[in-house]
Asks: 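Starting off with a structure, shown below.
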Amino acid sequence: MAFGERVVRIIKEIPYGRVMSYGQVAAIAGTPRAAIIVGQILKNGTIKYDLPWQRVINSKGFISIVNMQFPPELQAELLKTEGIEVKKFDGQFWVDLQKYGWLPEEISGKI
DNA sequence: AAGGTGACTAACA
DNA sequence: ATGTTAGCCACCT
């Protein structure tokens with residue numbers, strides 16, 4: 001199975017109201033340092049694979065989107081809708097990874 | 001078809 | 001403490 005396929009699968013498994021960082025997704029998909037590829041896949045494959053793109057943020061918990069189709073404000077809104085607290089730090093949206101972060105092992109144990 | 005390019009990160013200077 | 005660099009490798013052109 002290809003890396004990209006695993007990434008898509010993992011992202012789709014992120015539960016409602018939880019988030020994961022690019023790095024975590026990459027690591028679980030089998031390549032810890034390929035975080036940026038996860039970003040690529042999100043950027044280009046969100047529509048194609050119908051991904052919950054708003055549930056993926058960077059390792060610091062910030063929204064690191066640079067996409068006009070899916071602006072940070074929208075992502076923040078979607079997350080709030082899911083019950084996630086989104087705070088604002090210096091013009092950047094932030095969510096508590098400790099609190100809302102999620103790892104597949106918690107429920108599936110596989111992947 | 002081959003190569004440039006990241007919605008990233010952690011490690012250095 | 002802030003800025004740069006080097007891994008990473010699938011996707012798009």
Side-chain angles (χ1 to χ4, degrees):
Chain A
M1 177 168 54
F3 178 80
E5 194 183 335
R6 290 197 297 274
V7 168
V8 168
R9 186 172 305 185
I10 292 164
I11 292 175
K12 284 196 162 200
E13 288 192 43
I14 304 176
Y16 182 95
R18 309 297 293 278
V19 295
M20 266 205 298
S21 79
Y22 300 91
Q24 287 173 333
V25 174
I28 291 161
T31 312
R33 304 200 184 142
I36 199 170
I37 303 170
V38 175
Q40 295 275 44
I41 295 172
L42 250 54
K43 180 184 179 185
N44 307 304
T46 289
I47 302 195
K48 190 173 173 187
Y49 302 111
D50 188 33
L51 300 172
W53 60 278
Q54 73 276 23
R55 304 197 212 165
V56 186
I57 59 189
N58 73 25
S59 65
K60 308 237 180 20
F62 284 100
I63 288 178
S64 67
I65 216 167
V66 186
N67 186 321
M68 302 218 266
Q69 278 186 16
F70 304 102
E73 294 77 29
L74 174 58
Q75 181 165 11
E77 270 317 302
L78 289 168
L79 292 175
K80 285 180 193 165
T81 297
E82 301 194 356
I84 296 175
E85 285 182 70
V86 181
K87 301 183 178 174
K88 207 161 185 188
F89 263 133
D90 190 33
Q92 291 222 69
F93 295 103
W94 178 84
V95 341
D96 189 347
L97 269 178
Q98 291 298 314
K99 192 168 177 182
Y100 301 103
W102 176 82
L103 292 180
E105 285 75 21
E106 288 182 24
I107 58 173
S108 59
K110 46 174 171 78
I111 294 197

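Chain letters run A, B, ... following the sequence lines, proteins first, then strands; residues in each count from 1.
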Asks: Go through the structure and list residues passing side chain to side chain contact (heavy atoms under 4.5 Å, CB included) with A:Ile37, not counting sequence neighbours.
Replies: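 Result, side chain to side chain contact (heavy atoms under 4.5 Å, CB included) vs A:Ile37: A:Phe3, A:Ala34, A:Ile41.
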Asks: Any protein N or O atoms within reach of nucleotides 5-8 of chain C? Criterion: under 3.5 Å, listing atom names and distances.
Replies:
{"residue": "C:dG7", "atom": "N2", "partner": "A:Arg33", "partner atom": "O", "Å": "3.3"}
{"residue": "C:dC8", "atom": "O4'", "partner": "A:Arg33", "partner atom": "O", "Å": "3.3"}

Asks: With sequence neighbours excluded, give me every ring pair (Phe, Tyr, Trp, His ring centres under 6.0 Å) pair touching residues 17-58 of chain A.
Replies: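 Checked against ring pair (Phe, Tyr, Trp, His ring centres under 6.0 Å) - neighbours excluded - the pairs reaching residues 17-58 of chain A are A:Trp53-A:Phe70.
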Asks: Would you classify A:Tyr22 as touching base, sugar-phosphate or nothing, given that sugar-phosphate means primed atoms plus P, OP1 and OP2, and contacts are heavy atoms under 4.0 Å?
Replies: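 Since a base atom lies under 4.0 Å of A:Tyr22, the category is base.
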Asks: Could you list the residues that satisfy side chain to side chain contact (heavy atoms under 4.5 Å, CB included) with A:Pro71, not counting sequence neighbours?
Replies: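 Scan of A:Pro71 (side chain to side chain contact (heavy atoms under 4.5 Å, CB included), adjacent residues dropped) gives A:Glu73, A:Leu74.
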Asks: Going 5' to 3' along DNA chain B, which are the first and last nucleotides with any atom under 4.0 Å from a heavy atom of chain A?
Replies: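 So the contact region on DNA chain B extends B:dT5 to B:dA10.
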Asks: Under 4.0 Å between any heavy atoms, over every strand shown, what does A:Thr46 touch: base, sugar-phosphate, or nothing? Just pick one.
Replies: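 Base: the residue A:Thr46, judged by heavy atoms under 4.0 Å, touches a nucleobase.
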Asks: My understanding is that only residues two or more places apart in sequence, or in another chain, count here; which of them pass side chain to side chain contact (heavy atoms under 4.5 Å, CB included) with A:Gln69?
Replies: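 Here the qualifying residues are A:Ile47, A:Asn67.
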Asks: Go through the structure and list residues passing side chain to side chain contact (heavy atoms under 4.5 Å, CB included) with A:Phe62, not counting sequence neighbours.
Replies: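 Applying side chain to side chain contact (heavy atoms under 4.5 Å, CB included) to A:Phe62 gives A:Asn58, A:Lys60, A:Phe89, A:Gln92, A:Trp94.
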Asks: With the threshold set at 4.0 Å, does a side-chain nitrogen-carboxylate oxygen contact exist between A:Arg9 and A:Glu5?
Replies: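 The answer is yes: the pair qualifies as a salt bridge.
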Asks: Any N/O pairs under 3.5 Å between the protein and nucleotides 11-13 of chain C? List them or say none.
Replies:
none

Asks: Could you go step by step and tell me if A:Leu97 and A:Ile57 meet the side chain to side chain contact (heavy atoms under 4.5 Å, CB included) rule?
Replies: CA-CA 9 Å; A:Leu97 269 178; A:Ile57 59 189; 4.1 Å; yes
Asks: Hey, what do you get for CG (A:Leu42) to CD1 (A:Ile65), rounding to the nearest 0.5 Å?
Replies: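 The CD1 atom of A:Ile65 is 8.0 Å from CG of A:Leu42, to the nearest 0.5 Å.
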Asks: Under the rule for ring pair (Phe, Tyr, Trp, His ring centres under 6.0 Å), what residues qualify as partners of A:Tyr100, not counting sequence neighbours?
Replies: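 Listed in chain order: nothing, the list is empty.
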Asks: Considering only residues two or more places apart or on different chains, which pairs with a residue in residues 80-89 of chain A satisfy salt bridge (Lys or Arg N to Asp or Glu O under 4.0 Å)?
Replies: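 Every pair satisfying salt bridge (Lys or Arg N to Asp or Glu O under 4.0 Å) with a residue in residues 80-89 of chain A: A:Arg55-A:Glu82, A:Glu77-A:Lys80, A:Glu85-A:Lys99.
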